[in-house]
2 protein chains.
Amino acid sequence: MDPATAIQPAPVLETHLGYWVRLVSNHVSGAFARELQEQGLSVAEWVALNQIGKGATVTPAGLADAMGMTRGAISKVLDKLQSKGLISRATSQEDNRVQLLALTRQGKRALPELTTIADGNDEYFFGALDANERATLRALLKKLANIHQMHNIPVD
Amino acid sequence: MDPATAIQPAPVLETHLGYWVRLVSNHVSGAFARELQEQGLSVAEWVALNQIGKGATVTPAGLADAMGMTRGAISKVLDKLQSKGLISRATSQEDNRVQLLALTRQGKRALPELTTIADGNDEYFFGALDANERATLRALLKKLANIHQMHNIPVD
DNA sequence: TATTGTTATACTCTATAACTATA
DNA sequence: TATAGTTATAGAGTATAACAATA
């Protein structure tokens with residue numbers, strides 16, 4: 001469409017900082033989600049994979065808490081990761097109700113490439129800012145996250 | 001869960017500025033979406049309502065372009081707004097294929113209250129920053145939006 | 001009884017594609 | 001033929017709730 005005749009956002013929308021945060025967030029995350037999709041993964045699957053690969057003990061309940069999702073939803077995410085051969089589930093010896101999650105050899109092999117994609121996406125979008133600007137942006141966002149106690153790892 | 005034992009994000013995630021943008025965005029937009037839900041509206045419906053109330057000529061195709069959605073999806077959003085009595089559709093005199101969208105009296109009455117909710121949500125989250133910090137954050141985000149030509153009004 | 005995890009079900013949102021009416 | 005809009009269909013994603021196994 002001719003940019004001159006394209007509909008512009010209603011003025012009230014642009015006055016909100018939330019508008020600009022969401023605009024940038026959607027573009028950055030949308031581009032990343034599309035790159036992940038080419039690898040056959042959703043963002044939720046990628047986050048879960050990272051958490052499981054972190055080293056510490058990870059269970060479905062812990063993932064659900066960390067990612068702000070229900071256990072039912074996490075269970076499906078884990079089904080997909082397992083069907084793709086990236087993770088394994090094993091019953092805990094200490095408590096037979098608990099499932100311990102771990103990367104398979106294939107999962108360990110896949111993670112670095114995915115990290116490279118994530119790094120590249122972040123660099124592509126935020127490389128437009130110089131080091132000072134990036135540090136300032138990070139500090140402001142962390143301040144907001146801290147003040148409002150934002151803890152869930154964003155997934156969608 | 002005990003914060004000391006809660007799963008923390010994998011270090012690689014927090015290194016990305018995209019992580020922090022998404023974290024803040026999800027909290028701000030999530031809180032707003034829940035407030036809208038109490039009014040029986042989705043975010044997409046609220047955005048469309050604002051665009052239609054802006055004054056200029058608005059059509060389904062124009063909304064679809066502005067909001068980055070397909071015409072089919074927009075059609076459903078408009079169905080909902082119309083069924084709630086907030087908008088009207090009228091065939092254009094100049095081109096009978098075109099539908100001109102307008103707020104009903106009820107829609108005009110509803111908009112200010114919704115704007116108050118949106119203003120309050122933004123103030124709640126970003127009021128934690130002083131005027132200088134808010135201006136800095138806005139400038140950085142607008143710079144990113146400009147450089148990467150981010151135009152779609154964020155909806156989800 | 002409480003908790004972990006899975007499964008069954010339903011709902012929301014959106015895209016794709018087929019279709020109608022008009023140009 | 002091309003365009004505006006709607007409708008039909010399907011898929012992804014997630015929540016709720018019922019369920020099974022274990023504590």
Side-chain angles (χ1 to χ4, degrees), chain A residues 1-2 5-7 26 29-30 33-34 36-38 40-48 52 57-84 87-101 152-156, chain B residues 1-2 5 7 26 29-30 33-34 36-37 40-48 52 57-84 87-101 152-156:
Chain A
M1 177 180 284
D2 176 3
T5 59
I7 296 186
N26 279 2
S29 296
R34 282 186 291 277
L36 277 181
Q37 197 170 29
E38 292 172 14
L41 285 180
S42 71
V43 175
E45 287 163 34
W46 175 75
V47 171
I52 296 169
T57 304
V58 179
T59 66
L63 272 185
D65 281 341
M67 297 171 64
M69 296 171 66
T70 63
R71 294 180 182 194
I74 286 290
S75 201
K76 282 198 178 182
V77 170
L78 297 175
D79 284 348
K80 295 222 177 150
L81 288 174
Q82 192 167 24
S83 74
K84 289 164 190 166
I87 67 159
S88 62
R89 293 194 251 215
T91 303
S92 164
Q93 295 301 305
E94 298 167 2
D95 184 337
N96 282 304
R97 292 172 303 183
V98 173
Q99 294 289 301
L100 300 176
L101 306 170
N152 289 346
I153 303 172
V155 165
D156 64 332
Chain B
M1 177 179 286
D2 177 2
T5 60
I7 295 186
N26 279 3
S29 296
R34 282 188 291 276
L36 278 181
Q37 198 171 27
L41 285 179
S42 70
V43 175
E45 287 163 35
W46 174 75
V47 171
I52 296 169
T57 302
V58 178
T59 65
L63 272 185
D65 282 340
M67 296 171 65
M69 296 170 67
T70 63
R71 294 180 182 193
I74 285 291
S75 201
K76 283 199 176 179
V77 170
L78 297 175
D79 284 348
K80 296 224 176 145
L81 287 174
Q82 192 167 23
S83 75
K84 290 163 190 166
I87 67 159
S88 62
R89 292 193 252 214
T91 303
S92 165
Q93 295 301 305
E94 298 166 2
D95 183 338
N96 282 304
R97 292 172 303 185
V98 173
Q99 294 290 301
L100 299 176
L101 306 170
N152 289 346
I153 304 171
V155 165
D156 63 334

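Every value quoted in this text rests on a predicted model; they were computed, and no experiment measured them. First the proteins, then the strands, lettered A, B, ... as listed; each starts at 1.
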- Message: How close do A:Leu81 and A:Ala48 get, counting heavy atoms only, and between which atoms?
- Response: CD1-CB, 3.9 Å

- Task: Find the distance A:Gln99:CD to C:dT3:C1' and express it as a whole number of Å.
- Result: 14 Å

- Which atoms form the tightest heavy-atom contact between A:Leu78 and A:Pro60, and what is the distance? CD1-CG, 3.8 Å

- A:Asp65 CG - C:dT3 P separation (whole Å): 13 Å

- How long is the line joining CE of B:Met67 and P of C:dT14, in whole Å? 8 Å

- Item | Which atom of A:Gly68 lies closest to which atom of A:Asn152, heavy atoms considered | CA-ND2, 3.5 Å

- Task: To the nearest 0.5 angstrom, please state how far the CG atom of A:Asn26 sits from the CD1 atom of B:Ile153.
- Result: 12.0 Å

- Flag the pair B:Ile52 / B:Leu63 as yes when at least one side-chain heavy-atom distance between them is below 4.5 Å, and no otherwise. yes

- Item | Distance, rounded to the nearest Å, where A:Ile74 contributes CD1 and C:dG5 contributes C1' | 12 Å

- Take the protein atom CE of A:Met69 and the nucleotide atom P of C:dG5, then report the distance between them rounded to whole Å. 15 Å

- Message: Does B:Gln99 form a side chain to side chain donor-acceptor pair (under 3.5 Å) with B:Ser92? I'd like the steps, not just the answer.
- Response: CA-CA 6 Å; B:Gln99 294 290 301; B:Ser92 165; over 6 Å; no

- CG of B:Leu78 versus P of C:dT14: gap in Å, rounded? 12 Å

- In whole angstrom, what separates B:Lys76's NZ from C:dT12's P? 11 Å

- Message: What range of DNA chain D does chain A touch, first nucleotide to last, counting atoms under 4.0 Å from its heavy atoms?
- Response: D:dG13 to D:dA23

- Any residue of residues 89-97 of chain B with a heavy atom less than 4.0 Å from an atom of DNA chain C: B:Asp95, B:Asn96, B:Arg97

- CG of A:Asp79 versus C1' of C:dG5: gap in Å, rounded? 11 Å

- Under 3.5 Å, side chain of B:Lys84 to main-chain N/O of B:Gly40, donor-acceptor pair present? yes

- Which heavy atom in A:Met69 sits nearest to a heavy atom in A:Val155, and how many Å separate them? SD-CG1, 4.2 Å

- List for me each residue that meets salt bridge (charged side-chain N to carboxylate O under 4.0 Å, His left out) alongside B:Arg71, sequence neighbours excluded, and say none if there are none. none

- DNA chain D: A:Val43 or B:Thr59, which has the more 5' nearest nucleotide? B:Thr59

